[in-house]
Amino acid sequence: MSGRAGVVLRRRRATDVETVFGDIKSNWGFKRFTLRGLEKASLEWGLAALGHNMRKLHEAVSRGNAAKQAMARA
């Protein structure tokens, strides 16, 4: 991935990942880990990421249901 396409993919990934960190830290107020040690901090971060992904899934399902209901009414 050293060509032009690789550069584009790496640039896109950096933006996508930073958005997730920013959302969890800023919008959720996750500034510090409350547990000590690498294993516990990893677990705590995993729970925050799980919550973020579950919220995204809920929003996607809700949008999908709304779209299906709108199409059923039409």
Problem set entry | His52 side chain reached by Phe30 side chain, heavy atoms, under 4.5 Å |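 No, every pair of side-chain atoms sits at 4.5 Å or beyond.
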
For this session: Give the ring-plane orientation class for Phe33 versus Trp45, where under 30° counts as parallel, over 60° as perpendicular and anything between as tilted.
Result: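 Plane angle over 60°, so perpendicular.
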
Problem set entry | Value rounded to 0.5 Å, distance of CD in Glu39 from CD in Glu44 |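 If we round to the nearest 0.5 Å, Glu39:CD and Glu44:CD are 13.0 Å apart.
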
For this session: Can you measure from CZ (Arg55) to CG (Asp23) and round to the nearest 0.5 angstrom?
Result: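 So the gap between those two atoms works out to 4.5 Å.
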
Exercise. So which heavy atom on Arg36 is nearest to which on Lys40, and how close?
Worked result: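 So the minimum-distance heavy-atom pair works out to O-CD, 3.3 Å.
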
